[in-house]
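Note that this is a predicted model, so its numbers are computed, not measured.
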Amino acid sequence: MAGKVKWVTDIEKSVLINNFEKRGWIQVAENEDWNFYWMSVQTIRNVFSVETGYRLSDDQIVNHFPNHYELTRKDLMVKNIKRYRRELEKEGSPLAEKDENGKYIYLDFVPVTFMLPADYNLFVEEFRKNPSSTWIMKPCGKAQGKGIFLINKLSQIKKWSRDSKTSSFVSQSSKEAYVISLYINNPLLIGGKKFDLRLYVLVSTYRPLRCYMYKLGFCRFCTVKYTPSTSELDNMFVHLTNVAIQKHGDDYNHIHGGKWTVSNLRLYLESTRGKEVTNKLFDEIHWIIVQSLKAVAPVMNNDKHCFECYGYDIIIDDKLKPWLIEVNASPSLTSSTANDRILKYNLINDTLNIAVPNGEIPDCKWNKSPPKEVLGNYEVLYDEEMAQSDGPDRDLRSRSGQSTGTKGGRARDSGKPILTTWK
Amino acid sequence: MLDPDSGLSLTIARIVRRLQGSSLHSQLERQARVSLHKPEIKLESLKEDIKDFLKTSGWEKKLQNAVYSELNVFPSPCHPAAPPEHMKEPLAYMRKAQGSWEKRILKSLNSMCTELSIPLAQKRPASEQKELLNKWNEMGTDEPDLSLFRPVYAPKDFLEVLMNLRNPNYENGEQPSFRNHLGLIQVPLKVKDIPELKEDFSELGLNTGQLGIDDSAQVPPEFFENEHVRVGQKVLAEQDSAAAQQYVRQGCPTALRADLWALILNISNQPEDILYYEQLKSNVIQYDLLVDSLIYKDVKLTASNDDYYFVFEDYLYQVLLCFSRDTSVLEHFTYSSATPPKSYIRGKLGIEEYAVFYPPNVAPLCFLYHEPSKLYQIFREMYVRFFFRLHSISSHPSGIVSLCLLFETLLQTHLPQLFYHLREIGAQPLRISFKWMVRAFSGYLATDQLLLLWDRILGYNSLEILAVLAAAVFAFRAVNLMEVTSLAAAEAVLADLSTLKVMPLLQIFLFATVT
């Protein structure tokens, strides 16, 4: 009989620990022999750093890729996407097609973003084209809405202009680096309130890209009515949907936690806007997730000991266009309500079923192709290997923007075809 | 007995009376006048030509829809000599019971007013009016002190009243036994049995396609769903109320539902409707009613804690506050036995009448309509056609008394062991299912399932399906229920209905159970 999986974690969350225990896995300490380590992002830095020289053996799995920050740091994500777009343009790919205003037709899913202080001058140029626009400042290395603020005047970010003029020999600590993005001031409102989407995406390998989307994503609502009025730019309860912020609001409700399921959202949109535009919206959401992963795939260290479950944050504007706001490497495992706890428990359960097949001691040489039955609430989002095996002539067919059925390696376990014919 | 011909002419006379002077009437007149300029209208055959014109331009269809709507809503006249109360409710003891129930509600309201020293109605000072106007769209963020307000009554109080209804002409001296009715409702109203229900609800049968069953992931859409959507689009294009009502018996595709319901309820959202809504809104701004606080409290307790409906909290206030001032709703009471308790505005403006109602179900409609005046009208029409029957005492087959009796009879006849067991442990089934039926399952089912259920309410123009579903739920959980030994345990088994799929349950209960 195979030995039991030995696990370690440095995140004391019941949704994790309960899942390990229910599989009969054995808890061990970090310095002992372990098979499975669910680590925080700080720990992964140490595990793969050159100094400690950690060598993982074939029967060890961790829950982060070594350089996940290429996707999960706001500035690096934007950098990688910009690079990806430029490369596609250079090779003349139809995906990189632009419209008459110079905007990418299929790849414009990240709001205009600049790094500060490095791109300060570029930003000013862009700002002056639209002086009445609002921009959102986000610290690169923080999470949970910390340190975010909105600006609509250049004077509000004078500090970063001074810094950009300093000598380039001064190394900027990443803690001071910010990204500034065009604020989406026309979000889709429901009941007058702003919301964003949190979707979970599991990546088991980057090359070939194999990723799964959790069917049970959710919408996070602001408790206060949305207003683009400039007098409320400082009111974070209006603008930021992070639960960490909203739960301090007067109206935060602890029963439903200001959340809707994605299927509720779908029902509402289908009822009020119609089926085609709703399908198109969800198509586009899947598209931008896959494109973002493809963008970082070339620079990702595709270590076979790794898998990762990302939390994607997406905002839909009032023209039903989805925007990628950011990707989280360590989505919160804290539960704000009972429903939440159940969702996150099941999320971890399904994740473990895919990442650690049969709950047995892992072997990193396996082909990372789990059978359909273990997917649980995940569905295959994109499987590069399967897509390519369908024939080279289907390569890089440009999207028509309409959903036409499932092809390209998309499993039909849910039955309802919801992805487009694209790769 | 009334012979069919005079019955028909009575009906025609009544409909003509109701439609005369309506906005549809003036629109038709205007259209007829406009048509005079058209070349195809000739003086010699003026009447026929105008009629043809109205037919081809779709106006005849609108008239048909209006007539159909009237037929649906109003009961057929029984006898020319029948007094009006008899038309509303033929059974005297029911009328009496409803009358005393209303008096009790009014008494409770009045005593709350005295206790809290708040008038039933008063005019707001100008500053307060301005404030309310400004936050009209976000009343949900208010936190007034509502702790002193008690709801006027809870569903269980209403159930107690229904349980105590007795027909004075019916003496049942025997002890309750299997030959009699073992349930809580002890009035001998006629309710349908399963063979009759199967006939009435024939479109829910196993051989007919249904949304809620045949659109599930495992079924290829070519089998049913695609064609059903095509038919639905055609029905909407034709703007035919009667066809729409028939169509929705098999369920509405989500994208077509809002329009189909509006067509069946004959809601067109004309400028005068929007104006009416604005007038109601200004009434809300100007006058403060005691019942407003009760509405506020009820919404805060129910919708704002609900997983699906919390988003629409603000809409609910807007709709319900306007509704409580809508005197045109009083009109529907001409065909119900209920006369609403009236409250009077204190002040120099003289006496005005405002009716007081128990807040009914708005929230699910917010999933379909986000334009306030249209949302309001749909809600109001649903209330006056169906939902008011859940809150008043009558002998109507869709009234709450009949629904309770239907539920108990179905259960006792088809699941006698379960019924007896639950009764023995002090868990009379109606005590659990009453709250589901009185709210038309709103707040208990998942929204998409609830909407599929309400599709059928509209399609069959009856609430009987609520009783059938309640019985079907018990049948579904029968195995677990047989093992419980207390009311609390039975409640626990039936606490969470959010995962239930409504249509399969109904189909199995009606068509696939061996009786």
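Once rounded to the nearest 0.5 Å, the distance linking OH of A:Tyr268 with OG1 of B:Thr254 reads 14.0 Å. Summarising the geometry, atom OG belonging to A:Ser271 is positioned 10.0 Å from atom CG belonging to B:Leu256; distances are rounded to the nearest 0.5 Å. Here the straight-line distance linking atom CD of B:Gln449 with atom CG of A:Leu267 works out to 10.0 Å at 0.5 Å rounding. Expressed to the nearest 0.5 Å, how far CG of B:Asp448 lies from CZ of A:Arg266 amounts to 12.5 Å. Once rounded to the nearest 0.5 Å, the distance linking CZ of B:Phe367 with CD of A:Glu270 reads 12.0 Å.
Contacts of B:Ser268 classified as side chain to side chain contact (heavy atoms under 4.5 Å, CB included), with partners at least two apart in sequence or in another chain: B:Gln270, B:Asp273. Scored by the salt bridge (Lys or Arg N to Asp or Glu O under 4.0 Å) test, B:Asp240 finds B:Lys61 as partners (sequence neighbours excluded).
Of the atoms belonging to B:Cys252, not a single heavy atom falls under 4.5 Å from chain A.
Of all the heavy atoms in B:Val311 and A:Lys193, the pair that sits closest is O-NZ, 3.6 Å.
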